[in-house]
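The structure appears right after this line, and notes come after that.
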Amino acid sequence: MAVDAQLNFGDDEDASHGEIWSCSSSPLDSSLVITCRSANDGTVATSSAQTETALWRIPETAMREDAIDFYPDEIDYDNDKAEELTKSMSKVCDFDLGPGRVTDMQWNPACIPNCNDYDESPSIGKVTGANLITVQSRNREVCFTTFDVGTSCATHLDQVNLQIPDTRGLMPNPPKASWDPHNHHLCAVTLGTDIAIMDMRTPAKLTNGLRSCHRFGVTDLDYNPNKPNVLSSSGQDGLIKFWDLRFTASYNDENNGNTSSSSWARQSPLRTVRGGHTHWATCVKYNAFHDQLILSGGTDSIVNLWRISSISSAPLIDLVGDSADDDFTPIDDGNSHAENPAAESFDNIAEDADSVGTDGGNAPDVRVTKMEMREAIYDLTWSAADPWLFVTLAYDGNVVLNHVPSKEKYKILL
């Protein structure tokens, strides 16, 4: 990374700095960023709380728009210049979250300008109530917290602890969340092998959900930005699945009125994508402009770009008639592997006859391209400005910028 593109926390030089577990920039103010990191001894009050979540402000000198020198001249680059380029952030406030590291942070979609809001800058008063949610991992619990974050403070609104169902000795994945862009009161959270749907208008928050979505655990999830009630998920079984949330099941405990995941019915996914990963699928992300395009990454060091047109908001009808000779994706009934767990093993996924086509073509559901990295994929995202650009982050710290092939771009636009 460029020397003058780095930021530090502005702590004392003698203080011990911990690992940064998660971070998120504020859509309300481009100079604000939230981070969760392993805290030093001076930050925590007890040994059980070993993380620090705080809101930081990036200095104005680091927000300049001039060109960044990624390869400074070693001859001219002395210690004085390095000191000058060091950017120290100032802490605005701390988040009162208690023990457990924050594994995901999601901003209210109403705070984020969409493709129709380029001429309208987001304002603090545009969203009333919660504009940020955080999820924490605490042993076998997921802590779901809502905040009202401003430019100078963060107000704690509510907190709910969700019990992770028994997964037969398997360690639960770090919980993830996704805020519904069509209904800002709803949010999906992973609970081991299940997915919980949270309604922030209700006292109990947990209203309904999906049970046994992935055999070994759900690793990530993302709402369709253009089509309501459609949710994608990735799992440790190496699969990518798509769910219709209109068929979720709810259960109310007659004794205390709470909702429990123990009686959720197992639902069938709209579509199951097989053959893309030979190990865990760690992340999945919809394209915010064209929901036919979906990214998935995994611990097998593979990044897949999929075209899942059949369940998108704008199916590519012209391609369906030409796909007779191409690979296709039948709808998985969701129960075909329940009686035969070995069918979902990684050894069988690559040879599955129901896999999405992986050689391109005109099939409505197909893998457009595959990119292989040197290490496991930790995260990926689409560009907020260009619908055809995406970025991937690998375990070795390499950040790779890539783009959708022109051929695929024209299929969608034309």
Side-chain angles (χ1 to χ4, degrees), residues 24 27 95 97 100 102-112 114 126-138 140-149 154-165 172 174-214 218 220-233 241-267 269-270 284 286:
S24 178
F95 286 75
L97 288 171
V102 176
T103 57
D104 200 8
M105 294 178 279
Q106 293 289 327
W107 290 92
N108 191 325
C111 299
I112 305 172
N114 55 37
K126 188 176 180 180
V127 177
T128 58
N131 59 8
L132 177 74
I133 58 173
T134 64
V135 287
Q136 294 172 269
S137 177
R138 294 180 180 175
R140 300 199 66 83
E141 281 187 341
V142 173
C143 182
F144 177 88
T145 312
T146 57
F147 289 92
D148 182 9
V149 180
T155 305
H156 185 284
L157 298 180
D158 202 356
Q159 189 174 78
V160 177
N161 292 327
L162 308 174
Q163 192 71 28
I164 299 178
K176 293 287 186 176
S178 181
W179 209 317
D180 191 342
H182 308 284
N183 186 343
H184 300 160
H185 299 291
L186 300 180
C187 179
V189 182
T190 63
L191 289 177
T193 59
D194 302 345
I195 296 176
I197 307 299
M198 313 291 292
D199 190 337
M200 285 171 279
R201 295 168 295 184
T202 63
K205 296 294 187 290
L206 180 59
T207 57
N208 51 33
L210 301 164
R211 188 180 182 186
S212 301
C213 299
H214 291 269
V218 184
D220 198 11
L221 70 174
D222 191 32
Y223 276 95
N224 187 317
N226 300 333
K227 188 175 181 180
N229 301 311
V230 176
L231 181 72
S232 63
S233 65
K241 295 184 179 182
F242 301 87
W243 307 91
D244 189 341
L245 298 183
R246 294 173 296 179
F247 297 98
T248 54
S250 61
Y251 168 77
N252 292 322
D253 191 341
E254 296 180 356
N255 296 328
N256 52 24
N258 292 331
T259 305
S260 172
S261 63
S262 59
S263 296
W264 290 346
R266 183 174 182 180
Q267 303 295 324
L270 287 173
V284 61
Y286 266 105

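Note that the coordinates shown come from a computational prediction; the quantities given were computed from them, not determined experimentally.
Closest of all the heavy-atom pairs between P181 and P109 is CA-CG, 3.8 Å. Contact detail for D194 and V218: the closest heavy-atom pair is O-CG2, 4.0 Å. Residues I195 and L231 approach most closely at CG2-CD2, 4.0 Å, considering heavy atoms. In terms of heavy-atom proximity, A130 sits nearest to W179 at O-CH2, 3.9 Å. Counting all heavy atoms, side chain and backbone alike, Q136 lies closest to L97 at OE1-O, 3.4 Å. Contact detail for I133 and A177: the closest heavy-atom pair is CD1-CB, 4.2 Å.
A search for salt bridge (charged side-chain N to carboxylate O under 4.0 Å, His left out) contacts involving D199 returns R201, not counting sequence neighbours. The ring pair (Phe, Tyr, Trp, His ring centres under 6.0 Å) search around F147 returns F95, H156, not counting sequence neighbours.
Not one N or O on the side chain of S137 forms a donor-acceptor pair closer than 3.5 Å with the backbone of P174.
Separating the CD atom in Q106 from the OG1 atom in T134 is a distance of 11.0 Å, to the nearest 0.5 Å. In this structure, CZ on F144 lies 11.0 Å from CG on D104, to the nearest 0.5 angstrom. In this structure, CG in D244 is found 9.5 Å from CG in L210, a value given to the nearest 0.5 Å. The line from NE2 of H182 to CG of N226 is 6.5 Å long, rounded to the nearest 0.5 Å. Here CD of E141 is found 10.5 Å from CG of L191. Values are rounded to the nearest 0.5 Å. From D220, atom CG reaches atom NZ of K176 across 6.0 Å, with rounding to the nearest 0.5 Å.
Side-chain contact between Y223 and L245 is present, with at least one heavy-atom pair separated by less than 4.5 Å. Side chains of H214 and S233 form a contact here, defined as non-hydrogen atoms less than 4.5 Å apart. Side-chain contact between D148 and N131 is present, with heavy atoms from C-beta onward closer than 4.5 Å.
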Step-by-step side chain to side chain contact (heavy atoms under 4.5 Å, CB included) determination, M200 to L157: CA-CA 11 Å; M200 285 171 279; L157 298 180; over 6 Å; no
Go through K227 and Y286 one step at a time and tell me if the side chain to side chain contact (heavy atoms under 4.5 Å, CB included) criterion holds. CA-CA 11 Å; K227 188 175 181 180; Y286 266 105; over 6 Å; no
